[in-house]
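Shown next, in structure tokens, is the structure this report addresses.
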Amino acid sequence: MIDLKVKIGTLRLKNPVLLASGTCGYGKELSDFLDVSMLGGIVVKGISLEPRKGNPPPRICETPCGLLNSIGLENVGVERFIREKLPWLRDKGVTVIVNCLGNSIDEYKELSGRLGNVDGIHALEINISCPNVKKGGALFGTDPELTFKVTKAVREETDLPIIIKLSPNVTDICEIARACQEGGATAVSLINTLLGMAIDIERKRPFLGNIFGGLSGPAIKPVALRMVWQVARCVDIPVIGIGGITSFKDAIEFFMAGATAIQVGTATLIDPTSSEKILSGIIDFMKENNYLKIADMKIVD
Amino acid sequence: MLQKRQILRQKVLSNTEIRPNIFLLKVASPEISVSATPGQFCMLRVTEDKSNDPFLKRPLSIHWINKDTGEIQFLYRIVGRGTELLSLIREGEEIELIGPLGQGFKIEDKEIPIIVGGGIGIAPLLFLADILRGTRGVVILGAVTKSLLLRLGAFKESGLEILVATEDGSFGNKGLVTEVFDRLMARLDESDRKRCMVFSCGPFPMLRALYHLCKIYGVKCQVSLETFMACGTGLCLGCAVKAREGFLHVCKDGPCVDAKLIDWEG
Ligand SMILES: Cc1cc2nc3c(=O)[nH]c(=O)nc-3n(C[C@H](O)[C@H](O)[C@H](O)COP(=O)(O)OP(=O)(O)OC[C@H]3O[C@@H](n4cnc5c(N)ncnc54)[C@H](O)[C@@H]3O)c2cc1C
Ligand SMILES: Cc1cc2nc3c(=O)[nH]c(=O)nc-3n(C[C@H](O)[C@H](O)[C@H](O)COP(=O)(O)O)c2cc1C
Ligand code: FES
């Protein structure tokens, strides 16, 4: 019997396939196509204390096998999330991980304190890596000292499992991951988008309203996989793999690199049922290759 | 529980170049034909199954539907790689699509519909004209020149009054659709104008000019918007356009919206 269950600290997932923040709304948007509760869980769109309007358009630009976005963390704010979005997820029995965004350590503390006491939230994913908001996460995620401080502050605020989501836009990803572990993180997830841009040569100006955007999709998978491999070998806490996963084969690569679970992002935008297909592909692959647990797939080196 | 929405794989009935770089795509899709309303759109995959490049689906408005045969049509112009690849799909092949998506036009019985379309922007308007068959409605179609005037015959079949504007005067009135619209409104009395509802799709400057005229005449106006889309299903928030207050998300709040909600100068 194949056991798909995975543990991330006290967080129990029925299977290792999660939906990545910002690509699945608050779950309900996907329910026309997919039974979200059959997945390991959902990481909802990044939430801040106050609602955010997001960046000026254009916000997206397609690149070869990739997508640049500068959504700018548009979200309904923590109170409306709890009041209007969470009840639906709770009713459906979905494992909910809330992606949190703050402009300061105090904001991260206040946000995690607020979310920590709410029924139906199973873990927090702390986004210290979004490149879009000028005053936002980018600073934290590229500085080990600040990463440690944010992690510790959030840890002291709540008993929920804490996943720190890492930015790939750093020189040494292991240094940052270690800072998370020392700060008391339950796990790390990686990668967030790679900072990029596009220029409209007809209009002779940057394509995106915000000039820079985050690159996601198949184009970033090799970078993500390399970083997951590295981090899985430099910390003891679980690693959640993200970046360009569009088929079960991609997911297996991440498990082999050492990921305990994976998140499906951009693939959901193209095919809202991708995560379901990836999950069934994982099961078939494990059967054919006689793997009993997800962890068995990790390459020992 | 509600039937889950599917990602459909449907048979292409034909994909024909009706004017240089303008294609009419016919697809057998009983599912979409029964549920779609005018102004809604579909996301279409333009490449084969396994290819990741280009990997985003492309949004196209539903051009026309035959509920009896389950046929749906799209009218599109080649502007880049995605539409170019779409044009290579042949009769008998399958195409992957999601739909119907978004908010269509809001139609009310007592109104006098005025349909205004420019260029490829006429795409969502044929389905609408067909539904409005038998009303006092008027259709104003515009193009740069006669040879670029699209689907005139099909619009005529709706039985609505048709007015045409070409910029070079090669057919119909010489000038812009907005000029024809202006003259039409000037002809109507106040009470008729109050009952008018304008439905429009076309280039942004045309829509803006039309909206300004509607404001002057006190006429209600709905427009179908275009923007870049990644998902078309409300997941990514990438399709934002500037509204009077904050942003509108074209794939969920639109593509058809009340023109007064939009920030036309933004
Ligand atoms: C709701 C909706 C309905 C649409 N309905 C139709 C339709 O019925 N018929 C039709 O021909 N087209 C329609 N479009 C536009 C169509 O989706 C784009 O032309 C198509 O996606 C372009 O893909 P591409 O790969 O060929 O071009 P790309 O290579 O992506 O782009 C080529 C050029 O077109 C511009 N462009 C691309 N997409 C858009 C866009 N959405 N808005 C403005 N500029 C753009 C780019 O800036 C670039 O200069 C619709 C768009 C939306 C959002
Ligand atoms: C449109 C869009 C919005 C995103 N929003 C968020 C967000 O709010 N918070 C976050 O931590 N990551 C966000 N991400 C990053 C994804 O969660 C993911 O880390 C990244 O896209 C890489 O995975 P992928 O290649 O599978 O998409 C967003 C990505 C996209 C494409
Ligand atoms: S295109 Fe993704 S939300 Fe509208």
Side-chain angles (χ1 to χ4, degrees), chain A residues 19-20 22-35 45-46 51-76 92 207-209 213 216-219 221 244 246-247 250 265-274 276-277, chain B residues 1-9 35 43-47 49-59 79-82 85 96-102 204 225-252 262-263 266:
Chain A
L19 295 169
T23 57
C24 54
Y26 301 102
K28 196 173 176 202
E29 295 87 337
L30 257 182
S31 61
D32 267 357
F33 299 96
L34 184 74
D35 176 8
K45 177 74 192 160
R52 279 188 201 238
K53 284 194 177 146
N55 285 331
R59 290 180 172 186
I60 45 185
C61 174
E62 194 180 24
T63 61
C65 297
L67 175 69
L68 276 168
N69 89 81
S70 63
I71 308 299
L73 300 159
E74 175 181 345
N75 78 89
V76 296
K92 294 277 179 270
F207 189 92
L208 294 170
S216 65
K221 197 195 78 179
T246 55
S247 75
D250 300 326
T266 304
T268 304
L269 303 179
I270 298 148
D271 174 351
T273 62
S274 300
E276 198 178 28
K277 292 175 185 158
Chain B
M1 203 171 72
L2 269 169
Q3 172 88 48
K4 286 267 170 264
R5 202 119 58 113
Q6 296 289 316
I7 297 166
L8 302 163
R9 293 192 61 86
S35 55
M43 295 294 286
L44 289 83
R45 181 166 200 144
V46 298
T47 46
D49 225 9
K50 294 275 170 342
S51 171
N52 273 330
D53 188 31
F55 78 138
L56 295 180
K57 291 193 167 70
R58 297 298 194 261
V79 297
R81 197 142 164 266
L85 286 165
E96 186 179 306
L97 74 172
I98 307 179
L101 298 167
F204 194 84
L225 296 174
E226 270 192 28
T227 171
F228 298 98
M229 287 187 176
C231 68
T233 50
L235 301 173
C236 73
L237 307 180
C239 58
V241 294
K242 281 204 184 113
R244 282 277 157 82
E245 280 171 41
F247 295 107
L248 285 172
H249 298 100
V250 174
C251 77
K252 277 281 153 173
I262 298 163
D263 173 6

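Quick note on labels: first sequence line is chain A, next is B, and so on, each numbered from 1. Note that the coordinates shown come from a computational prediction; the quantities given were computed from them, not determined experimentally.
- At a 4.5 Å heavy-atom cutoff, the contact between B:Phe55 and chain A is made by backbone and side-chain atoms alike.
- The structure places CG of A:Leu68 at 12.5 Å from CZ of B:Phe228, a figure rounded to the nearest 0.5 Å.
- By number of non-hydrogen pairs under 4.5 angstrom with chain A, the leading residue of B:Gly238, B:Ala240, B:Gly234 is B:Gly238.
- When A:Ala219, A:Pro57, A:Ser247 are compared by the number of non-hydrogen pairs under 4.5 Å with chain B, A:Pro57 comes out ahead.
- Here the closest non-hydrogen pair linking B:Leu235 and A:Glu29 is CD2-CB, 3.7 Å.
- Closest heavy-atom contact between A:Leu269 and B:Cys236: CD2-CB, 3.7 Å.
- Note: B:His249 leads B:Met43, B:Lys252, B:His249, B:Arg81 in heavy-atom pairs under 4.5 Å with chain A.
- Atom CG of A:Asp271 sits about 12.0 Å away from atom SG of B:Cys231, to the nearest 0.5 Å.
- Using a 4.5 Å cut-off between heavy atoms, B:Leu237 touches chain A through backbone and side chain atoms alike.
- Taken from NZ in B:Lys242 to NZ in A:Lys53, the straight-line distance is 11.5 Å, to the nearest 0.5 Å.
- The contact between A:Thr23 and chain B is made entirely by backbone atoms, counting heavy-atom distances below 4.5 Å.
- Shortest non-hydrogen contact noted between A:Pro272 and B:Ile98 is CD-CD1, 3.8 Å.
- Within a 6.0 Å sphere centred on NZ of A:Lys277, heavy atoms belonging to other residues, nucleotides or ligands number more than 12.
- When heavy atoms are compared at a cutoff of 4.5 Å, B:Thr233 approaches chain A by way of both its backbone and its side chain.
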